[in-house]
Amino acid sequence: MSDSALSLLLGLVLAHLVGDFLLQPGSWVAERYRLRGRSPRLYLHAGIHGTLAAGVLAFAGTFDIGRPAMQVDGVVVAIGGLTVAISHALIDLFKASLNPGKLRWFLFDQALHLLVILGLWLTIIATRQPFMLFLDYLTTPSTLALLVTYLVVTRPMAFAIAMVMRRWSAGLDEPNTLVKAGARIGMLERLLVLTLVLHNQITAVGFLITAKTVLRYGDLREAQDRKLTEYVLLGTLLSVASTVILGLAVRSFL
């Protein structure tokens, strides 16, 4: 597989992650589950995904990096964007009829979106459309893989962990805490852990966990709640372990 083909695939995956987790407010998701097919935000969200995908396809053939210039077929860009937009709307509409709190439906939804992207990519590769490489540094497979990985450990992994922990979180109450602070702390924690793993500083991950434990020790001791202590410990280990495994996998790829 050529670098240009792999860069195109990773670029499409990166566009999906940006559209689904960075450019989709929680209010849009809530409206989709409430109104389903009557939700204007559903179609706006799908249009954003189609625009991002079309942008990646067009951008892939825009830059001439020391190679003979090749033109990108505008029809392919338009059809690719429409394919992503329509399929995304249909998949999200189907998901709106399911239980949004179940991890398996979240993973199933993401798998369907990625299968559409993979199918689009394979079609483009099979028909040998003349797509150019992305910019030398910013669009190499290694760089795009890093961008995808760092994005995965933020909101996507936060959603997955929250769904895993949902069965235990219902019976817990932490007063005097900031709204959604735990999720944001977890994201920053995973970003730090991922960076340390990618730089082969596994020992430093242990110091990071120790520092978090020290900071939480006073709160947990004052609460005197064994369930809360076990919940925090389980959530931390799940977050750190999944990030370490992902980081090691990416290191082997790089």
Side-chain angles (χ1 to χ4, degrees), residues 10 13-14 16-18 20-22 24 26 99-115 141-174 177-254:
L10 290 171
V13 173
L14 181 61
H16 166 74
L17 292 173
V18 170
D20 234 20
F21 297 101
L22 296 185
Q24 181 179 209
N99 188 337
K102 294 292 186 180
L103 176 63
R104 62 175 176 270
W105 296 127
F106 169 75
L107 296 177
F108 180 67
D109 167 72
Q110 292 301 310
L112 288 179
H113 291 313
L114 293 177
L115 281 175
S142 297
T143 304
L144 288 171
L146 285 174
L147 290 174
V148 169
T149 305
Y150 271 97
L151 189 51
V152 164
V153 300
T154 55
R155 292 191 70 192
M157 192 171 287
F159 285 139
I161 292 174
M163 291 176 187
V164 172
M165 302 293 293
R166 189 183 298 273
R167 67 180 67 180
W168 299 289
S169 62
L172 295 175
D173 180 28
E174 284 195 82
T177 58
L178 297 176
V179 178
K180 297 183 179 180
R184 287 167 173 76
I185 292 172
M187 291 182 201
L188 292 174
E189 175 186 272
R190 288 190 294 275
L191 288 173
L192 288 172
V193 170
L194 179 60
T195 302
L196 292 172
V197 172
L198 292 176
H199 285 83
N200 199 25
Q201 298 295 322
I202 304 295
T203 305
V205 175
F207 287 107
L208 179 62
I209 298 174
T210 303
K212 180 179 180 180
T213 303
V214 171
L215 290 173
R216 294 285 297 186
Y217 175 75
D219 295 334
L220 295 175
R221 184 181 60 181
E222 291 176 5
Q224 294 183 346
D225 188 339
R226 182 174 177 179
K227 289 183 179 179
L228 177 59
T229 303
E230 292 174 344
Y231 177 81
V232 172
L233 179 61
L234 179 60
T236 299
L237 290 177
L238 180 61
S239 176
V240 172
S242 56
T243 306
V244 168
I245 293 172
L246 181 61
L248 290 174
V250 172
R251 271 187 57 197
S252 66
F253 171 77
L254 298 178

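Numbering starts at 1 and runs along the sequence shown. Everything quoted here is computed from the prediction, not taken from an experiment.
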Angle class for the Phe106/Phe21 ring planes (parallel below 30°, perpendicular above 60°, tilted otherwise)? perpendicular
Out of curiosity, Phe253 CZ to Leu146 CG, how far, rounded to the nearest 0.5 Å? 9.0 Å
Taking C-beta and beyond as the side chain, do Asn200 and Arg251 meet within less than 4.5 Å on heavy atoms? yes
If you define the side chain from C-beta out and look only at heavy atoms, does anything of Leu10 sit under 4.5 Å from Leu147? no
What distance do Met157 atom CE and Thr243 atom OG1 have between them, rounded to the nearest 0.5 Å? 4.5 Å
Considering only heavy atoms from C-beta outward, does the side chain of Arg190 approach that of Ile161 to under 4.5 Å? yes
Enter the distance from Leu107:CG to Met163:CE here, rounded to the nearest 0.5 Å. 8.0 Å
Go through it in stages, so that I can follow the logic: the residues are Val13 and Leu144, the test is side chain to side chain contact (heavy atoms under 4.5 Å, CB included), and I'd like the CA-CA distance, side-chain angles, deciding distance and then a yes or no. CA-CA 9 Å; Val13 173; Leu144 288 171; over 6 Å; no
Can you name the nearest heavy-atom pair linking Thr149 to Val250, along with the distance? OG1-CG2, 3.2 Å
For the atom pair NE2 (His16) and CG (Leu14), what is the distance rounded to the nearest 0.5 Å? 11.0 Å
Roughly how far, to the nearest 0.5 Å, is CD of Glu189 from CZ of Arg184? 15.5 Å
Taking Thr236's backbone N and O only, do any of them form a donor-acceptor pair with Ser239's side chain (distance below 3.5 Å, no angle check)? no
Nearest 0.5 Å, please: how far is CG in Leu198 from CG in Leu248? 9.0 Å
Near Phe207 CZ, under 6.0 Å, is it more than 12 heavy atoms from other residues, nucleotides or ligands? no
With side chains defined as the heavy atoms from C-beta onward, is the minimum distance between Val244 and Ser242 less than 4.5 Å? no
Between His113 and Asp20 the two heavy atoms that sit nearest each other are CD2-OD2, 4.2 Å
Apply side chain to side chain contact (heavy atoms under 4.5 Å, CB included) to residues Ile202 and Val197 and explain how you reach the verdict. CA-CA 6 Å; Ile202 304 295; Val197 172; 3.9 Å; yes
